[in-house]
Amino acid sequence: MSTPMHEVADGGVDTEHALDTAQEQVRRLITDHPGKIPVYTENGKWHFDDDAWAPGWTGGFLAGLVWIFAERTGEPWWREQAEKYSLLIESRKHDDGTHDLGFLFTPSWGRWHEIAPSARTANVLIEAGRTLAKSYNPAGRYLKTWVDDGSSFIDIMMNVGIIFQAGALSGDKRLTTIATQHSLTSRRFLVRGDASTIHEGWFDPKTGEFLRAATHQGYRSDSCWVRGLTWAIYGFGTAYQWSGDDRFLATAQACADLYIARTGERLIPPNDFDDPHPRLTTEASAASIAAAGLLQLAGQLGPAGNDYQDYARRTLARLSTPEFLGRAAEGWEGIIKKATYHWGNGLGVNESVMWGDYYYVEALHKLSALDDARGHSS
Ligand code: GLY
């Protein structure tokens, strides 16, 4: 296997080489552990299936990775695996005990539908969107989390896309209204005036009154948990993609500008921007998500998004150095190291996490497509 060093001289990244390396890492994962759902690593080895904090939410990322490799290689083996891993989570379309149905179904069945749309793929996406829409609170106009009827997370912005999509596929305007209202509520209460984000908002579920901010994975209620900010960049961009509502684009851009200003030349942010004594200086999964979200923005803005594209390219270049790449040869099973799931609960701290790996690969795949479209050679 070639050396995992994909940075090129101009601060760019050799996307094809980086994708090849990630592909081999995933081939090894699904060959060694068939049918298992990775969550985060422990000393570089995947912890599978159960999540000690949240209802399982990572099953779509492995399927999504496999769909990307099926698309880029055209190989039947990858396609068979992609269908297999998507089918493995299909029953979750009826799971109303989680707000994470977008994480489960967009990378998996969403990609399947993009590559080979059928009534079957459409129906699964519609079912998943309808199920998530059941968690809508009309008094507060928000989608609730698995924590409580009064709780909403910024993360839900990454899930609300499945309701927009279900509305578009089914023609059910109620779904579109729910998705729009939740996005407006998140924009109003979970994004502060400086575009930093609140992890969790608490509402009175009866009256809908917004009560207070809180956090689970961040430093404290008034701080900015960085992964939440990156979910907002990508999630509001996705809400704009489905709705064409400029307010969501403006919010995605404001969050992106803050992210870039606060991360700066480090390119990889900490777990929380406001933690004065972070145990670790890097939370690499937030960088992966940011890169994918910034590339979505770049695609939406055309030439006006070039700075976002350049920042994403430099982020991916940094992630593609030996400091961050897991090396199969040394027994590290994840693709991107130095990520953290839940530092407070001690889960997946300074490890690989499945969404960090997924959005790194998704971002490389997006960058490769944008470069092809713009005739760029890195
Ligand atoms: N559950 C989403 C996250 O940990 O970012």
Side-chain angles (χ1 to χ4, degrees), residues 37-42 46-47 49-62 64 89 92 95 97-108 132 135 142-148 151-162 182 186 190-191 196-201 213-219 223-236 238 255 259 268-273 275 280 282-293 334 336 338-360 362-363:
I37 306 282
V39 187
Y40 51 82
T41 61
E42 287 167 342
W46 284 113
H47 169 92
D49 298 316
D50 64 310
D51 182 325
W53 181 60
W57 63 285
T58 60
F61 299 128
L62 181 52
I89 61 165
R92 300 289 303 277
D95 183 351
T98 178
H99 57 260
D100 286 326
L101 292 179
F103 283 132
L104 286 161
F105 283 90
T106 300
S108 55
L132 182 57
S135 64
Y142 62 86
L143 295 161
K144 74 180 180 77
T145 67
W146 50 263
V147 173
D148 190 90
S151 148
S152 194
F153 285 177
I154 192 66
D155 322 20
I156 297 182
M157 283 309 303
M158 280 300 279
N159 291 285
V160 73
I162 197 86
H182 172 81
S186 297
L190 301 188
V191 183
S196 67
T197 46
I198 288 169
H199 182 182
E200 182 180 39
T215 190
H216 294 265
Q217 286 140 291
Y219 169 55
S223 71
C224 184
W225 172 53
V226 184
R227 195 158 70 247
L229 180 67
T230 63
W231 291 141
I233 297 169
Y234 201 154
F236 281 105
T238 301
C255 292
Y259 174 83
I268 315 296
N271 184 62
D272 193 305
F273 280 135
D275 184 345
L280 298 163
T282 57
E283 204 291 79
S285 79
S288 297
I289 299 156
I336 294 294
K338 295 195 164 196
T340 287
Y341 178 24
H342 197 313
W343 67 268
N345 287 4
L347 301 173
V349 177
N350 205 18
E351 294 284 346
S352 293
V353 295
M354 204 52 204
W355 54 95
D357 285 8
Y358 172 76
Y359 289 105
Y360 168 72
E362 191 198 89

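Just follow the structure's listing: the first ligand is 1, and inside any ligand the first atom is 1. Quick note: residue numbers are just sequence positions, from 1. Values below: every heavy atom of this structure, side chains too, minus hydrogens, waters and symmetry copies.
Taking the six-membered ring for Trp and the full ring otherwise, H199 and H216 have centroids separated by under 6.0 Å.
In the model, T340 has no side-chain atom that pairs as donor or acceptor with a side-chain atom of N271 under 3.5 Å.
Under 4.0 Å from any atom of ligand 1, one finds heavy atoms of residues W57, D155, Q217, W225, R227, W231, Y341.
Among residues at least two apart or in separate chains, salt bridge (Lys or Arg N to Asp or Glu O under 4.0 Å) pairs with a member in residues 338-352 are E323-K338.
A232 pairs by the side chain to side chain contact (heavy atoms under 4.5 Å, CB included) definition with I154, T197, F236, C255, not counting sequence neighbours. In terms of the ring pair (Phe, Tyr, Trp, His ring centres under 6.0 Å) criterion, residue partners of Y358 (sequence neighbours excluded) are, by chain and number, F61.
Using a 30° and 60° split on the angle between ring planes, H99 and F153 fall in the perpendicular class, above 60°.
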